[in-house]
Enquirer: 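Quick one: the structure is below, questions incoming.
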Amino acid sequence: MGRPHRDALFPRSAIDRLTRLVDIDPHVVAEDFDHVPHLAAVEVLITSWGCRPLDDAVLARMPMLKAVVHAAGSVKHHVTEACWDRGLLVSTAAAANAVPVAEYTLAAILFANKRVLEIGGLYREHRNPLDWAAHFPGFGNYRRTIGLVGASLVGRRVLELLRPHDFDILLADPHLDPGAARSMGARLVELDELLAGSDVVSLHAPALPETYHLLDARRLSLLRDGATLVNTGRGSLVDTGALTAEALSGRIHAVLDVTEPEVLPAASPLYSLPNVLLTPHIAGSLGGELLRITGSALDEVERYCTGREFAYPVTRAALTTSA
């Protein structure tokens, strides 16, 4: 992992716990695998953001390696086919990282239906109360319809957080059946029906070839007037040009924590439109939230050391349909 990530993820208390569990030099951070001492003796690799791909050449230098514990979300950037061919055990802290993303999503949904951002902007401009119901007829959260695209770890966590609220929830996911969706408190529908019938649409699908620009111009046009699109998933799920056109028209609203490209050009209208909230990929774990990821990773190391199975294993098959 990158040294800044080690410093953020592993404060003194976490290092102390780690050194009680395993034989490790906590001062060694492998930002690459070219100048790491004792690499041939490594049995467990603790990885995070910035890890180099574990290809055949790297794995050949770690003949004792048996497990990879990822202190972050997706392992797609560094766990290669060579890892599966070697039979390595792989774990991820994606479930821990899903928590703040789901919390951000819930806040976005509640604020969107209440029109908090727009009302705040008008209040700042006029500095007097206005007839908010006249400006935003029917605004509020009661009996609104929320559409979730993807029952991923984040998507499922969002479903849990939505449960106490008075929402009707639609869910689109090609890998679920209606019974499974009902058990999560949602009604399974096709994507087009979800887009046309939701007041807020939140994206939680993985970035796969088949999900690239999942929401193109045609599908964005299905959103009802005044609907809000929330994207905390992957920027590539949405055609940015088509979304910009819809947002410029004022027909829909958007809360975007991820975009394509990751940082939009400075001239993009999405930065300044009153119906768009653009944040710089902050929904995931930051600051003190990183310690939840650390705790999850250390729990997995402890399970490995005591001969137990990982609580959050990753399999080769699962990666074909996940982030």
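Here the structure is a predicted model, which is why all the values come from computation and not from measurement. The figures here come from the full heavy-atom set of this structure, side chains too, leaving out hydrogens, waters and symmetry mates.
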Enquirer: Under the side chain to side chain contact (heavy atoms under 4.5 Å, CB included) test against D199, which residue among T145, I109, L223, D168 passes?
Expert: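 Result: among T145, I109, L223, D168, T145 is the only option passing the side chain to side chain contact (heavy atoms under 4.5 Å, CB included) with D199.
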
Enquirer: Please find the pair of heavy atoms, one from A108 and one from V255, that lie closest to each other, and give the distance.
Expert: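 The answer is CB-CG1, 4.0 Å.
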
Enquirer: Would you call R234-E260 a salt bridge at under 4.0 Å N-O?
Expert: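 No.
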
Enquirer: I would like to know whether T47 and H78 meet side chain to side chain donor-acceptor pair (under 3.5 Å); could you show each step before the answer?
Expert: CA-CA 9 Å; T47 63; H78 65 292; 3.1 Å; yes

Enquirer: Return the CG to OH distance between L237 and Y212, rounded to the nearest 0.5 Å.
Expert: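 L237 atom CG to Y212 atom OH measures 11.0 Å (nearest 0.5 Å).
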
Enquirer: If only side-chain N and O atoms count, and only distance matters, is there a donor-acceptor pair under 3.5 Å linking N97 with S285?
Expert: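 Looking only at side-chain atoms, N97 and S285 do form a donor-acceptor pair, the distance falling under 3.5 Å.
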
Enquirer: Would you call D239 and R218 a salt bridge, taking side-chain N to carboxylate O under 4.0 Å as the test?
Expert: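 No, no charged N to carboxylate O under 4.0 Å.
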
Enquirer: Step by step, work out the side chain to side chain donor-acceptor pair (under 3.5 Å) result for D257 and T232.
Expert: CA-CA 5 Å; D257 189 54; T232 59; over 6 Å; no

Enquirer: Quick one: does T92's side chain have a donor or acceptor within less than 3.5 Å of a partner on S74's backbone?
Expert: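 Side chain of T92 to backbone of S74, a donor-acceptor pair under 3.5 Å: no, none is there.
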
Enquirer: Hydrophobic cluster membership, with links at side-chain heavy-atom distances under 4.5 Å among I/L/V/M/F/W/Y: are L203 and L162 in one?
Expert: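 No.
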
Enquirer: Can a salt bridge be assigned to the pair R308 and D299 using a cut-off of 4.0 Å between side-chain N and carboxylate O?
Expert: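 Looking at R308 and D299, the cut-off is not met.
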
Enquirer: Could you check R115 against T228 for side chain to side chain donor-acceptor pair (under 3.5 Å), going step by step and ending with a plain yes or no?
Expert: CA-CA 10 Å; R115 293 296 179 231; T228 299; 3.3 Å; yes

Enquirer: How long is the span from the OG1 atom in T240 to the CG atom in L270, to the nearest 0.5 Å?
Expert: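 Here the interatomic distance stands at 7.5 Å.
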
Enquirer: Check the hydrophobic clustering (I, L, V, M, F, W, Y; side-chain heavy atoms under 4.5 Å; chains of links allowed) and say if L161 and V101 are grouped together.
Expert: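 Yes, L161 connects to V101 through the hydrophobic network.
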
Enquirer: Using a 3.5 Å distance criterion without hydrogens, assess whether the side chain of T211 forms a donor-acceptor pair with backbone atoms of L214.
Expert: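 Answer holds: no.
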
Enquirer: Dump the intermediate steps for side chain to side chain contact (heavy atoms under 4.5 Å, CB included) on C83 and R316, then the final yes or no.
Expert: CA-CA 9 Å; C83 296; R316 175 188 250 158; over 6 Å; no

Enquirer: Around atom CZ of R143, are there more than 12 heavy atoms from other residues, nucleotides or ligands closer than 6.0 Å?
Expert: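 Check passes, neighbour count above 12.
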
Enquirer: Has R124 got more than 12 heavy atoms of other residues, nucleotides or ligands less than 6.0 Å from its CZ?
Expert: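 12 or below, so no.
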
Enquirer: Using the rule given for side chain to side chain contact (heavy atoms under 4.5 Å, CB included), can you reason through L45 versus L88, listing the C-alpha separation, both sets of side-chain angles and the distance that settles it, and then say yes or no?
Expert: CA-CA 10 Å; L45 199 62; L88 297 182; over 6 Å; no

Enquirer: List the atom of L291, the atom of A8, and the distance in Å for their closest heavy-atom pair.
Expert: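 For L291 and A8, the tightest heavy-atom pair comes out as CD2-O, 4.4 Å.
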
Enquirer: Hey, are R12 and D16 close enough for a salt bridge, meaning a charged N less than 4.0 Å from a carboxylate O?
Expert: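 Salt bridge: yes.
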
Enquirer: Side chain to side chain contact (heavy atoms under 4.5 Å, CB included) for V42 and M64? Distances and angles first, verdict last.
Expert: CA-CA 6 Å; V42 170; M64 302 297 292; over 6 Å; no

Enquirer: Which heavy atom of S322 sits nearest a heavy atom of A318, and at what distance?
Expert: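 Of all heavy-atom pairs spanning S322 and A318, the closest is OG-O, 2.9 Å.
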
Enquirer: Would you find more than 12 non-hydrogen atoms of other residues, nucleotides or ligands less than 6.0 Å from E262 atom CD?
Expert: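 Yes.
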
Enquirer: Is there side-chain contact between F139 and I119, with heavy atoms separated by less than 4.5 Å?
Expert: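 SC-SC contact between F139 and I119 confirmed.
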
Enquirer: With a 4.5 Å cut-off on side-chain heavy-atom distances among I, L, V, M, F, W and Y, is there a chain of contacts connecting V200 to L171?
Expert: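 Cluster IDs for V200 and L171 match.
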
Enquirer: Other residues, nucleotides and ligands only: do more than 12 of their heavy atoms fall within 6.0 Å of NE2 on H35?
Expert: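 Counting other residues, nucleotides and ligands, NE2 of H35 stays at 12 neighbours or fewer.
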
Enquirer: How long is the gap from CG on L264 to OG1 on T259, to the nearest 0.5 Å?
Expert: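 So the gap between those two atoms works out to 3.5 Å.
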
Enquirer: So does G50 get a backbone contact from the side chain of R52, meaning a donor-acceptor N/O pair under 3.5 Å?
Expert: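 Looks like yes, one N/O pair under 3.5 Å.
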
Enquirer: Treating Ile, Leu, Val, Met, Phe, Trp and Tyr as nodes and any side-chain heavy-atom pair under 4.5 angstrom as an edge, say whether L273 and V263 lie in one connected cluster.
Expert: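 Yes, it is one cluster - the side chains of L273 and V263 are joined through contacts under 4.5 Å.
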
Enquirer: Closest approach of L153 and A94, non-hydrogen atoms and distance?
Expert: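 Heavy-atom minimum between the residues: CD1-CB, 3.6 Å.
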
Enquirer: Quick check on the hydrophobic clustering: are L256 and V149 connected, directly or via other members, by side-chain heavy-atom contacts under 4.5 Å?
Expert: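 Cluster IDs for L256 and V149 match.
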
Enquirer: Please report the shortest heavy-atom distance between S296 and A96, naming the atom on each side.
Expert: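 Smallest interatomic distance, heavy atoms only, reads CB-CB, 4.0 Å.
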
Enquirer: Begin from the C-alpha positions of R157 and E103 and carry the test salt bridge (Lys or Arg N to Asp or Glu O under 4.0 Å) through to its verdict.
Expert: CA-CA 9 Å; R157 183 74 181 189; E103 291 171 345; 5.4 Å; no

Enquirer: Rounded at 0.5 Å granularity, tell me how far OG1 in T321 sits from CG in D173.
Expert: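 Taking OG1 in T321 and CG in D173, the distance rounds to 8.5 Å.
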
Enquirer: For F33, look at atom CZ and say whether over 12 heavy atoms of other residues, nucleotides or ligands are found less than 6.0 Å away.
Expert: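 Yes, because the 6.0 Å sphere around CZ of F33 holds more than 12 heavy atoms from other groups.
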
Enquirer: Is F310 isolated, or which residues cluster with it under the ILVMFWY side-chain rule of less than 4.5 Å, directly or via members?
Expert: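 Members other than F310 - counting any ILVMFWY side chain reachable under 4.5 Å - are M1, L9, F10, I15, L18, L21, V22, I24, V29, V44, I46, W49, V69, L89, L290, I293, L298, V301, Y304.
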
Enquirer: Identify the heavy atoms of R292 and P100 that sit nearest to each other, and give their distance.
Expert: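 Distance-wise, the nearest heavy atoms are NH1-CD, 3.7 Å.
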
Enquirer: Could you tell me whether H38 atom NE2 has more than 12 heavy atoms of other residues or ligands within 6.0 Å of it?
Expert: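 No, the 6.0 Å shell around NE2 holds no more than 12 heavy atoms from other groups.
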
Enquirer: Measure from the side-chain N and O atoms of E246 to the backbone N and O of L243, and report whether any donor-acceptor pair falls under 3.5 Å.
Expert: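 Side chain of E246 to backbone of L243, a donor-acceptor pair under 3.5 Å: no, none is there.
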
Enquirer: Taking atom CG of L148 and atom CG of L159, what is their separation to the nearest 0.5 Å?
Expert: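 Answer for the CG-CG pair, L148 versus L159, is 5.0 Å.
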
Enquirer: Test side chain to side chain contact (heavy atoms under 4.5 Å, CB included) on H165 and L106; report intermediate values, then the result.
Expert: CA-CA 10 Å; H165 302 276; L106 174 64; 4.0 Å; yes

Enquirer: Side-chain contact, heavy-atom cut-off 4.5 Å: N113 with I146?
Expert: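 Counting from C-beta outward, N113 and I146 do come under 4.5 Å.
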
Enquirer: With a 3.5 Å distance limit and no angle check, can you tell me whether N141 reaches the backbone of L110 through a side-chain donor-acceptor pair?
Expert: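 Yes, the answer is positive, given that a donor and an acceptor are paired below the 3.5 Å cut-off.
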
Enquirer: If only atom types and distance count, is the side chain of N275 paired as donor or acceptor with the main-chain N or O of A247 below 3.5 Å?
Expert: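 Yes; at least one donor-acceptor contact below 3.5 Å.
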
Enquirer: Which salt bridge (Lys or Arg N to Asp or Glu O under 4.0 Å) pairs, counting each pair once, include a residue from residues 24-50, with sequence neighbours left out?
Expert: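 Listed once each, the pairs are D34-R61.
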
Enquirer: Atom CD of residue position E160 - does it have more than 12 heavy atoms of other residues, nucleotides or ligands inside 6.0 Å?
Expert: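 Counting neighbours around CD of E160, more than 12 heavy atoms of other residues, nucleotides or ligands fall under 6.0 Å, so yes.
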
Enquirer: Give, for atom CG of L176 and atom CE of M184, the distance between the pair rounded to the nearest 0.5 Å.
Expert: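 Going from the CG atom of L176 to the CE atom of M184 covers 4.5 Å.
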
Enquirer: For the backbone of L170 and the side chain of R187, can you confirm whether one donor and one acceptor N or O come within less than 3.5 Å of each other?
Expert: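 No; zero donor-acceptor contacts below 3.5 Å.
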
Enquirer: Are R303 and E300 close enough for a salt bridge, meaning some N to O gap below 4.0 Å?
Expert: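 Answer for the salt bridge query: yes.
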
Enquirer: Indicate whether the side chain of E118 and that of H135 have a donor and an acceptor atom separated by less than 3.5 Å.
Expert: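 No donor-acceptor contact under 3.5 Å links the two side chains.
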
